[in-house]
Amino acid sequence: MGGLKRSHTCNDLRAPNVGEEVTLMGWVMRRRDHGGVIFIDLRDRWGLTQVVFNPVFNEEVHEKAHSLRSEWVLAVRGKVEKRPEGMTNPNLTTGEIEVMVDELRILNTSLTPPFPLDEESEISDNLRLKYRYLDLRRLDMAANLIMRHEACQAIRAHLNTQNFLEVETPILTRSTPEGARDYLVPSRVNPGRFYALPQSPQLFKQLLMVAGMDRYYQIVKCFRDEDLRADRQPEFTQIDMELSFVEEEDIYGITEGMIASLFKATRGIDLQPPFPRMTYAEATDRFGTDRPDIRFALELVSLTDIVRDCGFKVFQTVAAKGGMVKSLNAKGCADFSRKDLDDLTEYVGQFGAKGLAWVKVKQGGEWQSPIAKFFTDAERSNMATTLGAEEGDLLFFVADQPTIVQQSLAELRLELGRRLGLVDKSTFQFVWVTDFPLLEYDNDEKRHVAVHHPFTAAKEEDIGLLLSEPGKVRSRAYDLVLNGIEIGGGSIRIHQKDMQERMFTALSISPAEAKEKFDFLLKALELGAPPHGGIAFGLDRLMMILAGKDSIRDVIAFPKTQKATCPLTEAPAKAERKQLTELSLRPDWD
RNA sequence: GGGGUCGUAGUUCAGUUUGGUUAGAACGCCGGCCUGUCACGCCGGAGGUCGCGAGUUCGAGUCUCGUCGGCCCCGCCA
């Protein structure tokens, strides 16, 4: 750097610095060459400072500055000057000053970048990821990483005051059944054996409780080999916590404090814990989902009992066969066009709904609807009352098996919320969802599987039902939902060996299989395991929401494409034959 | 595994509906002019494997089939 030493960043200098001699280093963001005076916006991670090359001030340096181009790396030494009257830039934090350059060092040149590095241009994801180091040089992307750093700092600071211990757990571990597909790593020294990358540090953090660590946390990578989404990457980061001698209320309190300090540190927002709570049963009943967006109403209304004996065969049959008829009232939407209704019908179709019945409530409460004629006056009036229907409203109905009704109406509700502008994007609405079912029946596997995971404790009063009516047992699991997005979940764990064995039985995991795969856990549970529980948060999703982005890729430095590739490194790549042989792998491809 | 959508200059896009002369625009880039700009301005210029491969046709950016890739979604994600 030619003996120059940086004195300030590009977001440091203000009016009080006028007169100081400073040295800045950074990238050429933009140049405005007037033939005479030349302006350069110099950029670093912190911001922009306008540096000026004036031939009257220093002719030699001005001459040299003509060659400067986008993204060249510079060191400039000069004097901070107050901008002339009327020339300040209120859009820049450094807009009151500029640096009159007396010495210019070109630290590196740059090819013309493959895409503009401003904040406005929308570049295709492929190109952004291929040149991610350029993409991240953009100030808005840098801001995301900076905010993520601040979030991690706030989390650590808060948990440290609460007597937590940060402990690392293995990345090379063993596959456990249930849950997502594992990433496998072959073992060279143990031919035919494989490590699995952790889907979460679940068992290790429980073992840390058995070890007496009492309060553990870790900001840790987790791996799941499943298909990607805007909010799902194959490797993602969890804020993982576990606590001993606690029950649900302790977890809620600790994490509400942590989330509050996180929001304060990153966005300056004062949240008001405690967050509202809702049981799983209530959430699915009112919103059709276990992650309700409570920023707007438009709740689902059950009509199953009302239409059980009605004249409309579709509804009647569904009700008779144990299905469900639910509805929602889109207030004031009776002016929706035929196309709107067709679009929405198609929309709910992708969630399995075979149709979307609708009613437009006209003058005097009269029904305009293809299905109006199937109902008696009394039935219509009964439904209208239940739905609070008024003139100008649009009523939607879905009749099917419960899972389809709930999901399609939950999604229809969100879609209507978006279309009608019901969502206040500036608010953060948290809700704890509690009392999840412990188990659900899996039609493919022909057995019950854990809704949360196999180490989740059942509610005391439901334990008796574990083997007789497993589907009715409620668990001590909880999720934290923010604006309709699941940002975290956890549970109070099973801490006694016999209870864990009964759980495996309920899951149709044989004692032999349990011994083979979970012997280490069962042993630990009979060697003084304390009562414990915990929770884990999706850091990427939290940051996505805090940064106001639609994809977690925007808050991850080097994310992967939807096909789980990295355009920058071109991972995954082919392996050398020799490497595979060393791993005792004999591929039958190529 | 499935559905949708996009792929044209370095970038972002128009052109594809209804096949037809030399594929356009803006920004960027290159050159010239310019001493107060801040998305500087003005003048000029260069720049194209229309993702790839077959096919239909006198003729394909445009139609058909296949294929590759980006994105969104369903399934999947304890």
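Reminder, nothing fancy here: chain letters follow the sequence lines and each chain counts from 1. Note that the coordinates shown come from a computational prediction; the quantities given were computed from them, not determined experimentally.
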(message) In whole Å, measure the gap between the C1' atoms of B/G10 and B/G48 for me.
(response) 12 Å
(request) Could you tell me whether the side-chain ring of A/F39 sits stacked on the base of B/U37, using a centroid cut-off under 5.5 Å and a plane angle under 30°? (result) yes
(request) Return the 5'-most residue of the pair A/P116, A/R229 with respect to RNA chain B, ranking by each residue's nearest nucleotide. (result) A/P116
(request) Please determine which of A/Q500, A/R502, A/H532 meets the side chain to side chain contact (heavy atoms under 4.5 Å, CB included) test together with A/I494. (result) A/Q500
(message) Judged by each residue's nearest nucleotide on RNA chain B, which is more toward the 5′ side, A/A564 or A/H453?
(response) A/A564
(request) For B/C72, take OP1 and OP2 only and decide whether either is under 4.0 Å from a side-chain N or O of A/Q562. (result) yes
(request) Using side chain to side chain contact (heavy atoms under 4.5 Å, CB included) as the criterion, point out the one residue from A/I239, A/T237, A/T169 that pairs with A/Q218. (result) A/T169
(message) Under 4.0 Å from OP1 or OP2 of B/C77: is there any side-chain N or O of A/R541 that close?
(response) no
(request) Would you mind classifying the nucleic acid contact of A/F455 as base, sugar-phosphate or nothing, using non-hydrogen atoms under 4.0 angstrom? (result) nothing
(request) For B/C13 and B/G53, measure between their C1' atoms and round to the nearest Å. (result) 26 Å
(message) Taking only the C1' atom of each, what is the distance from B/G2 to B/G47 in whole angstrom?
(response) 42 Å
(message) Please tell me if A/R83 has a side-chain N or O lying less than 4.0 Å from either OP1 or OP2 of B/G36.
(response) no
(request) With the side chain of A/R32 defined as its heavy atoms from C-beta on, choose the nearest nucleotide among B/C74, B/C29, B/U37. (result) B/U37
(message) Between A/Q407 and B/G75, is there a contact of a side-chain N or O with OP1 or OP2 at under 4.0 Å?
(response) yes
(request) For B/G51 versus B/A60, give the span between their P atoms, rounded off to a whole number of Å. (result) 15 Å
(message) What is the separation between atom CZ on A/F53 and atom P on B/U37, rounded to the nearest whole Å?
(response) 18 Å
(message) Closest approach to the side chain of A/M100, judged atom by atom: which nucleotide of B/C76, B/C34, B/G36 is it?
(response) B/G36
(request) Kindly say if A/S124 contacts the phosphate of B/C6, meaning a side-chain N or O under 4.0 Å from OP1 or OP2. (result) no
(request) Answer yes or no: does a side-chain N or O of A/T88 lie under 4.0 Å from OP1 or OP2 of B/G36? (result) no
(message) Please give the distance between the P atoms of B/G61 and B/G7 as a whole number of Å.
(response) 15 Å
(request) Determine if A/H34 stacks with B/C40; use a centre-to-centre distance below 5.5 Å and an interplanar angle below 30° as the criteria. (result) yes
(message) If I compare all heavy atoms of A/H448 with all of A/L507, which pair ends up nearest, and what's the gap?
(response) O-CD2, 3.6 Å
(message) Test your reading of the model: is there a side-chain donor-acceptor pair from A/T49 to the backbone of A/C10, 3.5 Å cut-off?
(response) yes
(message) Below the 4.0 Å mark, does B/G70 have OP1 or OP2 next to a side-chain nitrogen or oxygen of A/T561?
(response) yes
(message) Quick one: does any side-chain atom of A/R232 pair with a main-chain N or O of A/R224 as donor and acceptor, under 3.5 Å?
(response) no
